[in-house]
Amino acid sequence: MNYKIRHAEPADAFGLHVILTSPHVVQGSMRLPYMRLKNTEDRLSADPNMVQIVAEDDGKVIGFAELVLHHQIPRAAHAAELNMVVTHGERQGEGIARSLIEELIRLCDGFFRIRRLSLIVWVDNTRAIKLYKHLGFEEEGCMRDYVRTEDGYSDALQMARMFAG
Ligand SMILES: CC(C)(COP(=O)(O)OP(=O)(O)OC[C@H]1O[C@@H](n2cnc3c(N)ncnc32)[C@H](O)[C@@H]1OP(=O)(O)O)[C@@H](O)C(=O)NCCC(=O)NCCS
C-alpha cells in the first residue's frame with residue numbers, strides 16, 4: 001500500500017473537490033457535475049457526528065470515505081451510515097476504497113460499538129456493490145426510482161453490515 005490513511009483536513013478541500021466533481025462520482029452519487037468549492041469546504045468543517053478519512057499519496061488526496069454517527073440519539077447510537085466512498089478516477093481498482101471502508105469498519109466494531117452499518121447504492125454500481133458484499137454488507141431491499149439520472153431514474157439498494165455483540 002503506497003498511500004496513507006488519515007483524517008480529512010480543511011486543506012484537503014480542493015483535492016477532494018476534484019474527485020467529487022468527476023464523472024464517475026457524479027454517476028454513483030447524488031452530486032452534480034458543477035458544484036462550488038465552498039460546498040466541499042463546508043463538507044469538511046468539523047462535525048462531531050462525522051468521521052471523514054482520506055487516502056493520501058505523495059500529498060495528493062486519492063480517496064475519501066465518510067461515516068455518519070448518531071451518538072446524540074440514544075436509541076440510534078448503535079447505527080451508523082457509510083455516507084460516501086470515492087476513489088480518484090485514475091486510482092480505481094487498487095484497493096483504495098476497500099482500505100478506507102475496512103478502516104471505518106474497524107472503528108465501528110471497536111471504539112464506536114456500532115451494531116448496524118448501512119449504506120445506499122445505485123443498482124447499476126456493480127463495482128461498489130461487489131466490494132460492499134465482500135466486506136460483509138447484505139442487501140436489505142430495493143428502492144424504486146430513488147435518484148434522478150441524466151436520462152431517467154435509477155433504483156437504489158439499501159445494504160447493511162451487522163456487527164456481533
Ligand atoms: C466504487 C469506488 C469507490 C470503488 O473504488 P476503488 O478504489 O476502485 O475500489 P477497490 O479498488 O477497493 O475495489 C473495489 C472492488 O471492485 C472490484 N473491481 C476492481 N476493478 C474493477 C472493475 N474494473 N470492474 C468491476 N469491478 C472492479 C475489485 O475486485 C474490488 O472488489 P474486491 O476487492 O472486494 O475483490 C470507485 O469506483 C468510485 O469512486 N466510484 C464513484 C463513486 C461511487 O460510486 N461511490 C460509491 C457510492 S455508494
Side-chain angles (χ1 to χ4, degrees), residues 1-8 12-37 39-40 43-44 49-70 79-109 114 116-163:
M1 179 166 118
N2 57 346
Y3 52 87
K4 69 174 177 187
I5 292 178
R6 59 166 173 76
H7 202 279
D12 296 321
F14 185 76
L16 178 58
H17 193 66
V18 170
I19 301 176
L20 292 182
T21 48
S22 306
H24 70 299
V25 175
V26 172
Q27 193 178 346
S29 71
M30 286 278 187
R31 298 185 58 80
L32 293 164
Y34 297 101
M35 298 187 86
R36 291 179 189 278
L37 174 59
N39 182 279
T40 305
R43 184 176 201 122
L44 293 180
N49 293 311
M50 294 261 201
V51 178
Q52 297 170 316
I53 57 175
V54 294
E56 179 202 306
D57 185 6
D58 201 18
K60 188 176 172 191
V61 176
I62 54 170
F64 172 76
E66 184 174 271
L67 180 73
V68 179
L69 299 165
H70 302 287
E81 284 106 46
L82 189 57
N83 199 36
M84 172 79 88
V85 184
V86 295
T87 295
H88 191 288
E90 292 168 5
R91 303 295 300 263
Q92 292 180 97
E94 294 181 31
I96 294 167
R98 175 182 265 271
S99 301
L100 289 166
I101 300 169
E102 281 176 341
E103 193 58 11
L104 293 179
I105 287 174
R106 192 175 71 83
L107 295 176
C108 285
D109 201 18
I114 293 298
R116 171 188 166 80
L117 177 60
S118 63
L119 61 86
I120 293 170
V121 58
W122 311 161
V123 289
D124 63 356
N125 199 343
T126 48
R127 182 193 288 252
I129 293 169
K130 181 179 168 197
L131 175 63
Y132 297 146
K133 286 186 174 171
H134 282 173
L135 292 173
F137 289 84
E138 294 174 41
E139 291 182 26
E140 295 188 312
C142 180
M143 298 179 279
R144 291 171 292 174
D145 287 356
Y146 187 84
V147 61
R148 273 286 292 273
T149 63
E150 197 164 8
D151 52 7
Y153 297 88
S154 176
D155 295 349
L157 288 182
Q158 168 78 44
M159 301 184 79
R161 183 191 196 283
M162 303 302 289
F163 296 79

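Order of appearance sets the numbers: ligands from 1, and atoms from 1 within every ligand.
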Does ligand 1 come near enough to [X] that some N or O of the ligand is less than 3.5 Å from an N or O of the residue?
X	result
A97	yes
V86	no
L131	no
R91	no

Heavy atoms of D12 and H7 approach each other most closely as OD2-O, 4.3 Å
Can you list the ligand 1 atoms lying under 4.0 Å from a non-hydrogen atom of [X]?
X	result
K130	29 (O)
H134	31 (O), 32 (P), 34 (O), 35 (O)
I120	48 (S)
V121	48 (S)
H24	38 (C), 39 (O), 40 (N), 41 (C)

Report the residue from R6, R91, K4 that forms a salt bridge (Lys or Arg N to Asp or Glu O under 4.0 Å) with D57.
-> R91
Of all the non-hydrogen atoms in the protein, which one sits nearest to [atom], and at what distance?
atom	answer
atom 47 (C) of ligand 1	G28 O, 3.5 Å
atom 20 (N) of ligand 1	R127 NH1, 3.3 Å
atom 37 (O) of ligand 1	Q92 OE1, 2.5 Å
atom 1 (C) of ligand 1	A128 CB, 3.8 Å
atom 45 (N) of ligand 1	V85 O, 2.8 Å
atom 33 (O) of ligand 1	R98 NE, 3.0 Å
atom 7 (O) of ligand 1	T87 OG1, 2.8 Å
atom 8 (O) of ligand 1	G93 N, 2.8 Å

Under 4.0 Å from ligand 1, counting heavy atoms only, is it the side chain of [X], its backbone, both or neither?
X	result
E94	backbone
Y132	side chain
L119	neither

Near [X] [atom1], under 6.0 Å, is it more than 12 heavy atoms from other residues, nucleotides or ligands?
X	atom1	answer
E103	CD	yes
D58	CG	no
E102	CD	yes

So, the side chain of [X] versus the backbone of [Y]: is there a donor-acceptor pair under 3.5 Å, distance only?
X	Y	value
H24	T87	yes
D155	D145	yes
Q52	R43	yes
H17	M35	yes

Would you say R161 and I105 make side-chain contact, with heavy atoms under 4.5 Å?
-> yes
Considering only heavy atoms from C-beta outward, does the side chain of F137 approach that of V121 to under 4.5 Å?
-> no
W122 near ligand 1 by a heavy-atom separation under 4.0 Å | no
Could you tell me whether ligand 1 has any atom less than 4.0 Å away from a heavy atom of G95?
-> yes
Of I19, V61, L16, which is the lone residue that meets side chain to side chain contact (heavy atoms under 4.5 Å, CB included) with V54?
-> V61
Quick one: CG on L135 to CG on L117, what's the gap to the nearest 0.5 Å?
-> 10.0 Å
